[in-house]
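Accompanying notes for the structure given below.
Counting from 1, the numbers follow the sequence of the chain as shown. Below, each value reflects all heavy atoms present in this structure, side chains not excepted, and no hydrogens, waters or symmetry copies. First listed ligand is number 1; within each ligand, the first listed atom is number 1.
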Amino acid sequence: MKDLVIIGGGPGGYVAAIRARQLGMTVTLVEKEAVGGTCLNHGCIPTKAYYRNAEIMRDLSHAEEFGIAVAGLKFSMEQAWERKERIVKTLVSGVEKLLADYGVEVIKGNATLLDQNTVTVSGGQGDRSLVPPEQKIDAAHILLATGSTSASLPILGLKLEGVVDSTSLLQISEVPPRLAIIGGGVIGLEFACIFNSFGSQVTVIEYLPAILNLLDREISKRMGVFLKRQGITVHSSTAVEKVERNGNELLLSAKGKKGDLSIPADLILVSAGRRPLTAGLNLETLGIATDEHGFIKVDENYATTVPGIYAIGDVIGGLMLAHVASEEGITAVEKIAGCNSRIHYNAVPSCIFTFPEIATVGMSEEECVSRGIKYRVGKFNFAANGKALTLGETDGLVKVIADEDDVIRGVHIIGPHASDLILEGTILVKEGVKASDFVGTIHAHPTLGEALMEAILDVNGQALHLSPRKR
Ligand code: FAD
């Protein structure tokens with residue numbers, strides 16, 4: 001009998017497997033596709049590989065500003081795809097090697113729960129010769145890390161050819177001249193910026209009044225302005241009613257604030273959220289409870305309603321991010337091993353790879369208001385930061401929220417390299433640092449980090465490169 005069987009080899013499952021081996025457990029990991037899960041194969045990594053292509057395209061299209069003439073700029077989707085595939089393969093084989101080096105037994109196949117100590121595996125994708133028709137694995141503990149998949153919408157025509165989810169969009173070999181995106185959330189907007197830079201005419205249709213509706217409202221509003229400026233059309237408060245095929249093109253009908261819309265497109269991406277991947281696991285038979293959306297319910301130890309069975313990552317909902325899945329995987333196996341670990345959910349950074357990037361950690365102004373927390377805000381625009389000017393990337397700002405005790409509760413960045421800058425904000429929020437205690441933390445010059453420093457100083461009206469506040 002193994003100490004632990006993990007179902008799902010995404011960033012939740014494979015990291016949990018490594019940590020469990022470090023803690024001395026015997027571990028089997030079952031994966032039906034490729035290790036790395038959504039993140040490495042269909043999510044974070046492939047999109048960020050394309051993001052880099054898009055970034056280079058944008059830089060080259062502004063090259064004249066830097067006195068550089070670029071003639072005959074061409075983009076090959078096929079070559080970008082090949083580069084992306086190479087990166088994914090490198091990372092997947094790196095994870096395979098790590099798991100082997102740690103002595104994790106990896107079984108390729110579809111796992112099902114037989115009872116609270118037994119998992120059965122039947123042939124999945126990959127090398128089927130490795131798996132007998134059905135294999136039983138006994139374990140003291142089972143960890144479910146089966147992740148999520150794209151959610152669908154009850155809209156007529158979404159099964160038509162040319163209507164795709166994010167996984168299929170990552171496989172296309174030609175840039176669609178017109179791309180319509182249903183959903184103005186993180187995934188939808190990352191693709192909007194990427195394909196706009198590749199040359200597509202992009203239209204985003206969002207049902208809610210605001211895009212990126214979970215973000216601090218000031219940040220999402222600014223993003224709306226930046227999207228418009230780069231030529232991306234956003235229809236918010238707009239409900240898609242149906243999609244039809246009209247010869248070579250698709251026709252998307254929607255009802256918006258100003259009446260009916262008819263949007264022609266060559267390709268339509270549906271990015272309306274993610275749903276838990278639990279089909280075939282046998283949850284109901286075992287009595288593993290799920291919520292109304294199908295996410296597995298867990299307690300503070302990541303234990304499900306069945307003793308000995310745990311769940312982490314996207315399949316339990318909440319913050320559906322790769323680093324959250326990993327942290328939950330680590331914490332769950334540490335709890336199984338008897339450690340007193342916990343996750344600081346109040347300090348989870350979240351990055352959005354749009355143009356410009358967005359990165360946030362902690363509370364938004366709206367959250368402070370809804371929780372009745374009195375707060376002060378400090379801000380600093382990248383337009384006044386020397387490094388941002390040298391980069392030619394002056395759009396955006398850093399916004400810091402501190403409570404009435406001066407404790408930094410939230411950091412929100414929209415601007416160049418926001419995803420790198422948020423590291424410092426994460427430490428400040430996690431450690432509950434006071435804005436006044438931050439004074440004296442020297443930031444190298446010229447760096448983008450100086451914008452964060454000035455925003456923190458601005459909480460108490462002490463920013464040095466801002467004119468005195470009129471209070
Ligand atoms: P997954 O990564 O989904 O892994 C689950 C694994 O379980 C899969 O490999 C699956 O094949 C396997 N599995 C499922 N059922 C079974 C079964 N019955 N038997 C055997 N194996 C099974 N997050 C970020 O933090 N940053 C980003 O930039 C980012 N970008 C994203 C872009 C896109 C387009 C998408 C779709 C997601 C993105 N995410 C990003 C989210 C991130 O990918 C997920 O939060 C993360 O992968 C969740 O990890 P997980 O281990 O819970 O599940």
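With no hydrogens or angles considered, a side-chain donor-acceptor pair links Y102 and Q22 at under 3.5 Å. A side-chain donor from one of E357 and S419 sits under 3.5 Å from a side-chain acceptor of the other.
Take E85 and apply the side-chain contact (heavy atoms from CB on, under 4.5 Å) test, not counting sequence neighbours, and it matches W81, Q171. Scanning for ring-ring contact (aromatic ring centres under 6.0 Å, His included) contacts around F353 gives Y51, with sequence neighbours left out. Legend: residues meeting side-chain contact (heavy atoms from CB on, under 4.5 Å) with I137, ordered by chain and number and at least two apart, are K2, V5, T28, V30, I107, V121.
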Mind listing the N or O contacts between ligand 1 and protein, cut-off under 3.5 Å?
residue  : atom   : partner : partner atom : Å
ligand 1 : 2 (O)  : T38     : N            : 2.9
ligand 1 : 3 (O)  : T38     : OG1          : 2.6
ligand 1 : 9 (O)  : E31     : OE1          : 2.6
ligand 1 : 9 (O)  : E31     : OE2          : 3.0
ligand 1 : 11 (O) : E31     : OE2          : 2.7
ligand 1 : 18 (N) : A111    : O            : 3.1
ligand 1 : 19 (N) : A111    : N            : 2.9
ligand 1 : 21 (N) : K32     : N            : 3.2
ligand 1 : 23 (N) : A322    : N            : 3.4
ligand 1 : 25 (O) : A322    : N            : 2.9
ligand 1 : 25 (O) : H323    : ND1          : 3.3
ligand 1 : 28 (O) : K48     : NZ           : 2.7
ligand 1 : 30 (N) : K48     : NZ           : 3.4
ligand 1 : 45 (O) : D314    : OD1          : 2.9
ligand 1 : 45 (O) : D314    : OD2          : 3.3
ligand 1 : 45 (O) : M320    : O            : 3.3
ligand 1 : 45 (O) : L321    : N            : 3.3
ligand 1 : 45 (O) : A322    : N            : 3.4
ligand 1 : 47 (O) : C39     : N            : 3.3
ligand 1 : 51 (O) : P11     : N            : 3.4
ligand 1 : 51 (O) : G12     : N            : 2.9
ligand 1 : 52 (O) : D314    : N            : 2.9

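Residues T290 and L283 have side chains in contact (heavy-atom distance under 4.5 Å, counting atoms from C-beta outward).
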